[in-house]
Amino acid sequence: MDLAGKKIAILVDNFYEEMEVWYPLFRFQEAGATVITVGAKAGETYASKLGYPVKCQLSYDDVKAADFDGVVVPGGYAPDHIRRHPKANQFVHDMDAAGKLVASICHGLWVLCSAGSLLKGRKATSFFAIKDDVVNAGAHWVDAEVVVDKNLVTSRKPEDLPAFCKACIAALAGVPV
């Protein structure tokens, strides 16, 4: 599917899960989308759990939902850092309120738990260890490789990335998942 003209933000911070940033980044670029890394400080380089660097292109201060078609929140321990930034939580909340793609995998749902009432009454999945957090945020947790609830796409772990990216691309292209 062609994603030409689509612009996607991937949130980054230290201790991100390598596969959950780079696999979607390259997959969406391959489909024609523009992918922008967003973090606390533009120009900062963040290290993955294994030390692999990613350079942040824009800060939370620089982004607004009107400028993007989707946001991806990867896992690792980075989401615990990301959700400490009110503007990151607000950006994710605003993307959801606008009906744009909000995609999260593994521990990334920690950010969704902190982004207002985004998960309340929605179906979602995550890494099993944060199931209680997701349920306490109001979601109906499902153990599946990918769960789609309107504009929300969630997955459990790196092994789910093929299904996760396929569902994200379909959502961005306006194709029923």
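Keep in mind that this is a model prediction, so the values were computed, not measured. In what follows, residues are counted from 1 in the order of the sequence shown.
- Between the NZ atom in Lys131 and the CZ atom in Arg156 there is a gap of 12.5 Å [rounded to 0.5 Å].
- Contact check for Val146 versus Asp160: no side-chain heavy atoms found under the 4.5 Å cut-off.
- To the nearest 0.5 Å, atom CG of residue Leu112 and atom OG of residue Ser104 are 5.0 Å apart.
- The shortest side-chain heavy-atom distance between Leu11 and Val71 falls under the 4.5 Å cut-off.
- The hydrophobic cluster containing Val147 does not contain Val153, counting ILVMFWY residues as joined when their side-chain heavy atoms lie under 4.5 angstrom apart, directly or transitively.
- Looking at heavy atoms from C-beta onward, Tyr52 lies out of side-chain contact with Val21 at the 4.5 angstrom threshold.
- Counting heavy atoms from C-beta on, the side chains of Thr37 and Glu44 never come closer than 4.5 Å.
- Hydrophobic cluster membership is shared by Trp22 and Val12, with clusters built from Ile, Leu, Val, Met, Phe, Trp and Tyr side chains linked at under 4.5 angstrom.
- Considering only heavy atoms from C-beta on, Glu20 comes within 4.5 Å of Pro158 through its side chain.
- A distance of 7.0 Å separates CG in Leu109 from CG in Leu152, rounded to the nearest 0.5 Å.
- Residues Asp69 and Met95 share a closest heavy-atom pair of C-CE, 3.8 Å.
- Of all heavy-atom pairs spanning Leu119 and Ala124, the tightest one is CD2-CB, 4.2 Å.
- Within the 3.5 Å criterion, the main-chain N or O of Ser155 finds no donor-acceptor partner in the side chain of Thr125.
- Applying the ring-ring contact (aromatic ring centres under 6.0 Å, His included) test between His107 and each of Tyr77, Phe127, Phe128, Phe15 identifies Phe127 as the sole match.
- Under a cut-off of 6.0 angstrom, the local environment of NZ in Lys7 is crowded, with over 12 non-hydrogen atoms contributed by other residues, nucleotides or ligands.
- Closest of all the heavy-atom pairs between Cys165 and Pro24 is SG-CA, 3.8 Å.
- Linking Ile, Leu, Val, Met, Phe, Trp and Tyr whenever their side-chain heavy atoms come within less than 4.5 Å puts Leu58 and Phe91 in one cluster.
- Taking 4.0 Å as the cut-off between side-chain N and carboxylate O, Glu17 and Lys49 count as a salt-bridged pair.
- Residues Met19 and Ile82 do not share a hydrophobic cluster, defined by chaining ILVMFWY side chains whose heavy atoms lie under 4.5 Å apart.
- Using modelled atom types, one side-chain atom of Lys100 and one backbone atom of Ala65 make a donor-acceptor pair closer than 3.5 Å.
- The two atoms that bring Val54 and Tyr16 nearest to each other are CG1-CE2, 3.3 Å, heavy atoms only.
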*Assess whether side chain to side chain contact (heavy atoms under 4.5 Å, CB included) is satisfied between Arg27 and Ile169, documenting all intermediate values.*
CA-CA 9 Å; Arg27 184 64 193 94; Ile169 290 169; 3.6 Å; yes
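- One distance of note links SG of Cys113 with CD1 of Ile130; it measures 6.0 Å at 0.5 Å rounding.
- For the pair Ile8/Phe68, no side-chain contact is recorded, criterion being any heavy-atom separation below 4.5 Å from C-beta on.
- Heavy atoms only, all atoms of each residue included: Cys56 and Val38 are closest at SG-C, 3.7 Å.
- Considering CG of Leu161 and CD1 of Ile105, their distance stands at 4.0 Å, rounded to 0.5 Å.
- Both Leu3 and Val72 belong to a common hydrophobic cluster when Ile, Leu, Val, Met, Phe, Trp and Tyr are linked at side-chain heavy-atom distances under 4.5 angstrom.
- Using a 4.0 Å cut-off between charged nitrogen and carboxylate oxygen, Arg84 and Asp13 do not count as a salt-bridge pair.
- A heavy-atom distance below 4.5 Å is found between the side chains of Lys41 and Tyr46.
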*Test log, rule ring-ring contact (aromatic ring centres under 6.0 Å, His included), inputs Phe164 and Tyr23*: CA-CA 10 Å; Phe164 176 73; Tyr23 188 113; 9.0 Å; no
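- Leu118 contributes atom CG, which lies 4.0 Å from atom CG of Asp96 (distance to the nearest 0.5 angstrom).
- The aromatic rings of Tyr60 and His85 are tilted relative to each other, their planes meeting at an angle between 30° and 60°.
- Closest approach of Pro79 and Val111 over heavy atoms only: O-CG2, 3.6 Å.
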